[in-house]
Amino acid sequence: MLIDLDLLRAHGGTIHTYDSHDYIFQIEETPRCYYQIVSGDVKLNYTNEDGKELIQSLLTKGESVCELLLFVDHKYPVNAVTMSDCTIMKVPKVEFLHMLDEHPRAAIDVRTYISKTLYQKFIMMQNIASTSAEERIKGTLKYFKSFFPDKTPFSYEVKLTRQQFASITGLRTETVIRTLKKLEKEGFVKIEDRKVYF
DNA sequence: ACATTAAGTGGTG
DNA sequence: CACCACTTAATGT
């Protein structure tokens, strides 16, 4: 949990519930609130000029949603879409900023969180900049698993659908499917009941 | 049982 | 690889 819920509540925070596939905010909207996921999964996405969805990042409980936009004067560059039923703590921007002034600990946590996610962005950018689909997928798998404590082979199950995986790597779902099968033959991943283990 | 979504296959450019 | 067409498997109501 990035910031204690009671602290957020004490600064104007309120709980909101969303159904799966709801928009928390959309591209071009002006950021006015801090959002912290209490439960559920959220994706940040946008549609490219070809009409293809590209996922910028995946967020889960405890994380905040595009909080960095509260520190700069820009509109949202992505949509925030729920991927499941969600409950989210929402705090008005002004009160959130006041809270950071009054609680250095929270300010440090936010700074650390932003740094961490920015670092992850660097890693993903390098993965996606790879020329071959195989390297992109390998890199993305390693990236995902890096967040899990169990480092033993095939201990990590990819929870994403092939389609979502494609939207993250910028590849076609057919390419993801075929490459994944190729990686299975190479022993890089294991596939059981259509589930991918790495 | 029927509709919908995801996985998988073949073939073309 | 992307893109298109289509089949098969899995899920949902």
Side-chain angles (χ1 to χ4, degrees), chain A residues 15-29 35 37-63 65-66 76-88 117-198:
Chain A
I15 292 288
H16 294 252
T17 60
Y18 298 81
D19 292 330
S20 188
H21 303 306
D22 279 353
Y23 282 98
I24 297 172
F25 56 71
Q26 287 181 269
I27 285 182
E28 291 303 304
E29 283 181 18
Y35 300 91
I37 305 171
V38 178
S39 72
D41 299 304
V42 175
K43 66 180 173 183
L44 302 181
N45 75 356
Y46 68 94
T47 305
N48 73 4
E49 40 303 336
D50 301 327
K52 193 168 94 178
E53 177 196 25
L54 288 178
I55 297 177
Q56 272 284 348
S57 50
L58 299 168
L59 306 169
T60 56
K61 65 171 163 295
E63 298 189 285
V65 186
C66 260
Y76 283 120
V78 293
N79 306 299
V81 189
T82 58
M83 298 174 73
S84 64
D85 290 349
C86 288
T87 65
I88 290 175
T117 55
L118 181 56
Y119 170 75
Q120 293 164 5
K121 283 282 162 234
F122 277 113
I123 304 299
M124 270 309 285
M125 268 185 238
Q126 292 173 8
N127 287 337
I128 292 173
S130 286
T131 40
S132 76
E134 188 170 333
E135 289 309 315
R136 283 199 217 184
I137 290 180
K138 277 184 176 177
T140 305
L141 286 170
K142 287 178 185 171
Y143 167 77
F144 282 143
K145 183 165 179 174
S146 70
F147 301 115
F148 281 74
D150 193 343
K151 303 302 180 192
T152 59
F154 313 124
S155 60
Y156 171 65
E157 179 191 340
V158 180
K159 301 282 187 181
L160 301 171
T161 65
R162 271 71 165 161
Q163 242 166 71
Q164 294 171 324
F165 207 89
S167 294
I168 289 171
T169 54
L171 298 166
R172 273 282 164 172
T173 91
E174 299 94 318
T175 302
V176 170
I177 290 171
R178 286 163 177 146
T179 305
L180 242 26
K181 292 202 156 186
K182 184 183 174 190
L183 291 179
E184 182 189 22
K185 282 177 183 163
E186 296 175 2
F188 192 84
V189 301
K190 198 164 67 179
I191 300 179
E192 283 176 6
D193 296 333
R194 297 181 162 204
K195 292 175 182 175
V196 180
Y197 299 90
F198 169 60

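Just so it is clear: chains get the letters A, B, ... in the order the sequence lines come, proteins before strands, and each one is counted from 1.
- In this structure, A:E134 reaches the sugar-phosphate backbone alone: every heavy-atom distance under 4.0 Å involves primed, P, OP1 or OP2 atoms, never a base.
- Put simply, A:R162 has a side-chain N or O that comes within less than 4.0 Å of OP1 or OP2 on B:dA7.
- The shortest side-chain heavy-atom distance between A:T82 and A:I24 falls under the 4.5 Å cut-off.
- One atom, CG of A:D50, and another, P of C:dC3, lie 6 Å apart when rounded to the nearest Å.
- The NE2 atom of A:H21 sits 12 Å away from the C1' atom of B:dT4 (whole-angstrom rounding).
- Salt bridge present: A:E134 and A:K138 bring a charged side-chain N and a carboxylate O closer than 4.0 Å.
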Exercise. How would nucleotides 7-13 of chain C be written as a contact map, 5' to 3', with B for base contact, S for sugar-phosphate-only contact and - for no contact, using protein heavy atoms under 4.0 Å?
Worked result: --S----
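- For the side-chain contact (heavy atoms from CB on, under 4.5 Å) criterion with A:N45, the lone passing option out of A:V78, A:L58, A:V81, A:L54 is A:V81.
- Evaluation of the ring pair (Phe, Tyr, Trp, His ring centres under 6.0 Å) rule for A:F188 yields A:F198 as partners, not counting sequence neighbours.
- If you measure from atom CD of A:E53 to atom P of B:dA6, you get 11 Å, rounded to the nearest angstrom.
- Rounded to a whole Å, the CZ atom of A:F165 is 23 Å from the P atom of B:dT5.
- A donor-acceptor pair under 3.5 Å is formed between the side chain of A:N79 and the backbone N or O of A:I27.
- Of the residues in residues 171-192 of chain A, those placing a heavy atom less than 4.0 Å from an atom of DNA chain C are A:L171, A:R172, A:E174, A:T175, A:R178, in numerical order.
- Between A:H16 and A:Y18, the angle of the ring planes lies from 30° to 60°, which puts this pair in the tilted group.
- Between A:C66 and A:L44, the shortest heavy-atom contact is SG-CD1, 3.9 Å.
- Using a 4.5 Å heavy-atom threshold, the side chains of A:F144 and A:L160 count as touching.
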